[in-house]
**Q** 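Encoded as structure tokens, here's the structure I'll be asking about.
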Amino acid sequence: MPAPRNNDTFRHEDAASPRARLAAVRRRAALLAEARAFFGERGYLEVETPVLARAGAADAQLAQFALNDPVLGTLYLQTSPEYAMKRLIMAGSGSIFQITKAFRQGEVGRFHNPEFTLVEWYGLGYDHRRLIAEACALIARLVPSLQASARIISYRDAFRDALNIDPIEDPTDRLRAVAYDCLAPARKLTLDDRDEILDLLMSHAVAPGFATKALTVVTDYPASQASLARLNAQGLADRFEIYRGSLELANGFHEASRAEEYAERFAHEAAKRRERGLPSIDPDHRLLAALTQGRLPDCAGCALGFDRVLMLAMDAAHIDEVLAFPIAQA
């Protein structure tokens with residue numbers, strides 16, 4: 001039997017060998033254990049939910065893998081365990097977390113692999129402000145080089161500071177003009193959808209100005225980008241995203257709780273899909289049925305991209321460096 005290797009690399013003689021360094025595989029294991037310890041200390045229950053399910057995500061921004069089974073019909077690889085975890089909460093699970101694989105079609109690049117690891121959790125009795133503190137504490141525990149304190153800024157102020165525009169009140173024509181003016185590649189695009197324009201500006205003109213030595217938390221998103229977050233008294237979404245520099249790490253909400261809200265949001269996203277010529281996806285009828293039987297308890301939820309956090313912990317330049325088998329070698 002060969003002696004174990006003492007070096008820090010796998011073999012790279014052929015395409016069958018793992019892509020990541022052995023150090024990345026070991027660091028992944030250590031950080032997964034650290035994340036589980038973090039939630040265990042806070043009384044969260046670890047759960048598992050289906051990766052393959054009958055319902056897909058409503059969000060028009062997400063491209064999903066759909067599988068056609070001759071017996072079961074259309075099934076979807078999940079972009080997030082959100083819907084099933086909420087059904088568990090309504091069944092009485094209490095605060096829960098999950099570390100799971102998630103899938104998004106066509107997402108390949110420096111920070112993207114179509115199969116990735118997601119940490120998702122829901123704190124009962126939490127609002128989004130309390131969850132922001134917890135999410136930042138988790139990230140700082142996994143990446144000690146990051147400063148523990150985070151800058152919290154509203155979506156509106158982030159755009160005002162970076163571009164001197166108001167993403168909530170300014171007309172779409174003005175937002176489009178700014179995109180064409182400051183982003184040369186945008187001139188080749190037909191920008192009609194307001195939220196697509198804002199997403200483009202956030203990714204390419206606003207977030208690149210965020211600090212790289214500490215976390216930035218963006219809050220109070222436009223209602224049109226609420227997803228399944230509550231709306232506050234100002235008509236803005238109780239939603240947040242956490243960034244390190246321009247890299248988005250996490251997305252969270254103070255969760256909407258009524259069946260009517262979910263049905264309306266699902267219908268809104270379905271209309272967006274039709275407008276963009278995207279495949280239609282039926283709403284999650286099981287989730288809607290559970291919500292009809294009783295409201296979702298007051299809670300806040302967050303999804304954290306674990307592979308990106310591991311990249312920061314290892315100072316990796318590309319996600320492939322922290323995946324044993326990225327999609328090109330899967």
**Q** Can you name the nearest heavy-atom pair linking Ala256 to Tyr262, along with the distance?
**A**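 Shortest heavy-atom separation between Ala256 and Tyr262 comes out as O-OH, 2.9 Å.
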
**Q** Quick check for you: to the nearest 0.5 Å, what is the distance between Phe306 atom CZ and Leu31 atom CG?
**A**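 It comes to 5.0 Å.
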
**Q** By the definition salt bridge (charged side-chain N to carboxylate O under 4.0 Å, His left out), identify the one residue from Arg156, Arg239, Arg129 that meets it with Asp220.
**A**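 Of the listed residues Arg156, Arg239, Arg129, the salt bridge (charged side-chain N to carboxylate O under 4.0 Å, His left out) partner of Asp220 is Arg129.
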
**Q** Suppose the criterion is ring-ring contact (aromatic ring centres under 6.0 Å, His included): which pairs have a residue in residues 266-298, not counting sequence neighbours?
**A**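 Matches after skipping sequence neighbours: Tyr83-Phe266.
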
**Q** Using modelled atom types and a 3.5 Å cut-off, is there a donor and acceptor pairing between side-chain atoms of Ser246 and backbone atoms of Ala207?
**A**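 No, Ser246 side chain to Ala207 backbone: no donor-acceptor pair under 3.5 Å.
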
**Q** Report yes or no: is the cationic atom of Arg42 (NZ for Lys, CZ for Arg) closer than 6.0 Å to the six-membered ring centre of Phe38, at no more than 45° off its axis?
**A**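 The answer is yes; both the distance and angle limits are met.
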
**Q** Do Ser93 and Tyr122 have side chains that get closer than 4.5 Å, going by heavy atoms?
**A**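 No, their side chains stay 4.5 Å or more apart.
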
**Q** Answer yes or no: is there a side-chain heavy-atom contact under 4.5 Å between Leu278 and Lys272?
**A**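 Contact flag for Leu278/Lys272 side chains = no.
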
**Q** Any salt bridge between Glu261 and Arg230, counting N to O under 4.0 Å?
**A**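 Salt bridge flag = no for Arg230 with Glu261.
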
**Q** Does the side chain to side chain donor-acceptor pair (under 3.5 Å) test come out yes or no for Arg104 and Gln61, once each step is laid out?
**A** CA-CA 10 Å; Arg104 295 181 186 176; Gln61 297 290 103; over 6 Å; no

**Q** At what distance, to the nearest 0.5 angstrom, does OG of Ser203 lie from CD of Glu248?
**A**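 The distance works out to 8.0 Å.
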
**Q** Please walk me through it: do His254 and Asp298 pass side-chain contact (heavy atoms from CB on, under 4.5 Å)?
**A** CA-CA 8 Å; His254 189 181; Asp298 187 31; 2.7 Å; yes

**Q** Between Cys302 and Phe240, is there a side-chain heavy-atom distance shorter than 4.5 Å?
**A**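 A side-chain contact under 4.5 Å exists here.
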
**Q** Is a side-chain N or O of Gln105 found less than 3.5 angstrom from the main chain of Leu62, in a donor-acceptor match?
**A**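 Side chain of Gln105 to backbone of Leu62, a donor-acceptor pair under 3.5 Å: no, none is there.
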
**Q** Going hydrophobic residue to hydrophobic residue with side-chain gaps under 4.5 angstrom, can you get from Ile197 over to Ile165?
**A**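 Linked within one cluster.
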
**Q** Measure from the side-chain N and O atoms of Arg273 to the backbone N and O of Asp59, and report whether any donor-acceptor pair falls under 3.5 Å.
**A**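 Yes, because the side chain of Arg273 sits within donor-acceptor range (under 3.5 Å) of the backbone of Asp59.
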
**Q** Quick check for you: to the nearest 0.5 Å, what is the distance between Glu321 atom CD and Arg110 atom CZ?
**A**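 Answer for the CD-CZ pair, Glu321 versus Arg110, is 9.0 Å.
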
**Q** Would you check if the side chain of Arg28 reaches a backbone N or O of Val322 as a donor-acceptor pair within less than 3.5 Å?
**A**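 Flag set: sc Arg28 to bb Val322 pair under 3.5 Å.
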
**Q** Drop me the distance from Gln225's CD to Asp195's CG, to the nearest 0.5 angstrom.
**A**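 Going from the CD atom of Gln225 to the CG atom of Asp195 covers 4.5 Å.
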
**Q** Please determine if Lys86 and Glu82 form a salt bridge, counting it only when a charged side-chain N lies under 4.0 Å from a carboxylate O.
**A**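 Salt bridge present between Lys86 and Glu82.
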
**Q** Taking all atoms of both residues into account, what is the closest heavy-atom pair of Val218 and Ser154, and its distance?
**A**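 Looking at all heavy atoms of both residues, the shortest contact is CG1-C, 4.2 Å.
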
**Q** In terms of side-chain geometry, is the basic nitrogen of Asp193 or Arg276 positioned less than 4.0 Å from the acidic oxygen of its partner?
**A**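 A salt bridge is present here (some side-chain N lies under 4.0 Å from a carboxylate O).
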
**Q** What's the spacing between Arg244 CZ and Lys213 NZ if we round to 0.5 Å?
**A**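 So the CZ of Arg244 and the NZ of Lys213 are separated by 7.5 Å.
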
**Q** May I ask whether Ile319 and Val108 are part of the same hydrophobic cluster, defined by side-chain heavy atoms of I, L, V, M, F, W, Y residues being less than 4.5 angstrom apart, directly or through others?
**A**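 Cluster IDs for Ile319 and Val108 differ.
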
**Q** Under the side-chain contact (heavy atoms from CB on, under 4.5 Å) rule, what do Glu241 and Tyr155 come out as? Steps first, then yes or no, please.
**A** CA-CA 10 Å; Glu241 289 189 349; Tyr155 187 89; over 6 Å; no

**Q** What is the minimum heavy-atom distance between Ser80 and Ala102, and which atoms define it?
**A**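 Where Ser80 meets Ala102 most closely, the heavy atoms are N-CB, 4.4 Å.
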
**Q** Give the C-alpha distance, both sets of side-chain angles, the deciding distance and a yes or no for side-chain contact (heavy atoms from CB on, under 4.5 Å) between Asp307 and Asn113.
**A** CA-CA 9 Å; Asp307 305 302; Asn113 194 69; over 6 Å; no

**Q** Are side-chain heavy atoms of Arg54 and Leu75 found at a separation under 4.5 Å?
**A**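 Side-chain contact under 4.5 Å: yes.
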
**Q** Are Leu291 and Arg258 packed together at the side-chain level, in the sense that at least one heavy-atom pair is separated by less than 4.5 angstrom?
**A**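 When only atoms from C-beta onward are counted, Arg258 and Leu291 do not touch, as no gap falls below 4.5 Å.
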
**Q** Whether the side chain of Asp170 engages the backbone of Asp166 through a donor-acceptor N/O pair (distance < 3.5 Å, no angle test) should be reported.
**A**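 Yes, Asp170 side chain to Asp166 backbone: donor-acceptor pair under 3.5 Å.
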
**Q** Shared ILVMFWY cluster between Tyr221 and Phe253, side chains joined below 4.5 angstrom?
**A**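 Different clusters.
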
**Q** Given side chains that start at C-beta, do those of Leu67 and Asp69 come closer than 4.5 Å, heavy atoms only?
**A**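 Side-chain contact under 4.5 Å: no.
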
**Q** Can you check whether Thr49's main-chain N or O pairs, donor with acceptor, with Gln98's side chain at less than 3.5 Å?
**A**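 Yes, Gln98 side chain to Thr49 backbone: donor-acceptor pair under 3.5 Å.
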
**Q** Would a hydrophobic clustering, with Ile, Leu, Val, Met, Phe, Trp and Tyr connected at side-chain separations under 4.5 Å, put Leu247 with Leu118?
**A**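 No, no single cluster joins them.
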
**Q** Compare every heavy atom of Leu191 with every heavy atom of Arg176, then report the nearest pair and how far apart it is.
**A**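 The pair with the smallest heavy-atom distance is NE-O, 2.6 Å.
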
**Q** Just so I know, are the side chains of Leu215 and Leu249 near enough to count as touching, which here means a heavy-atom distance under 4.5 Å?
**A**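 Sidechains of Leu249 and Leu215: in contact.
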
**Q** Closer than 4.0 angstrom, basic N to acidic O: yes or no for Arg130 and Asp127?
**A**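 Salt bridge absent between Arg130 and Asp127.
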
**Q** Should Leu138 and Ile96 be regarded as members of a common hydrophobic cluster, given that ILVMFWY residues are connected when their side-chain heavy atoms come within less than 4.5 Å of each other, either directly or indirectly?
**A**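 Looking at the clustering, Ile96 is in a separate group from Leu138.
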
**Q** Okay, side chain of Gln64, backbone of Ala57: is any donor-acceptor separation there less than 3.5 Å?
**A**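 At least one qualifying donor-acceptor pair exists.
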
**Q** Of all the heavy-atom pairs spanning Ile89 and Gly94, show the shortest one and how long it is.
**A**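 Minimum heavy-atom contact is CG1-O, 4.1 Å.
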
**Q** Side chains of Leu175 and Arg194: does their closest heavy-atom pair fall under 4.5 Å?
**A**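 Yes - at least one pair of side-chain heavy atoms lies under 4.5 Å apart.
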
**Q** Return the orientation label for the Tyr44 and Phe97 ring planes: parallel under 30°, perpendicular over 60°, tilted otherwise.
**A**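 Judged by the thresholds at 30° and 60°, the geometry between Tyr44 and Phe97 is perpendicular.
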
**Q** For Arg308 and Phe116, run side-chain contact (heavy atoms from CB on, under 4.5 Å): C-alpha distance rounded to whole Å, both residues' side-chain angles, the deciding distance at 0.1 Å, then the answer.
**A** CA-CA 9 Å; Arg308 293 182 177 185; Phe116 58 98; over 6 Å; no

**Q** Measuring from Leu287:CG to Met85:CE, what's the distance to the nearest 0.5 Å?
**A**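 Output value for this atom pair is 13.0 Å.
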
**Q** In this structure, are over 12 heavy atoms from other groups packed under 6.0 Å from Glu46 atom CD?
**A**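 It does: Glu46 CD has more than 12 such atoms within range.
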
**Q** Nearest heavy-atom pair of Cys182 and Leu163: which atoms, and what distance?
**A**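 Looks like SG-CD2, 4.3 Å.
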
**Q** Could you check whether any side-chain N or O of Gln78 sits under 3.5 Å from a backbone N or O of Tyr76, counting only pairs where one atom can act as donor and the other as acceptor?
**A**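 Yes, because the side chain of Gln78 sits within donor-acceptor range (under 3.5 Å) of the backbone of Tyr76.
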
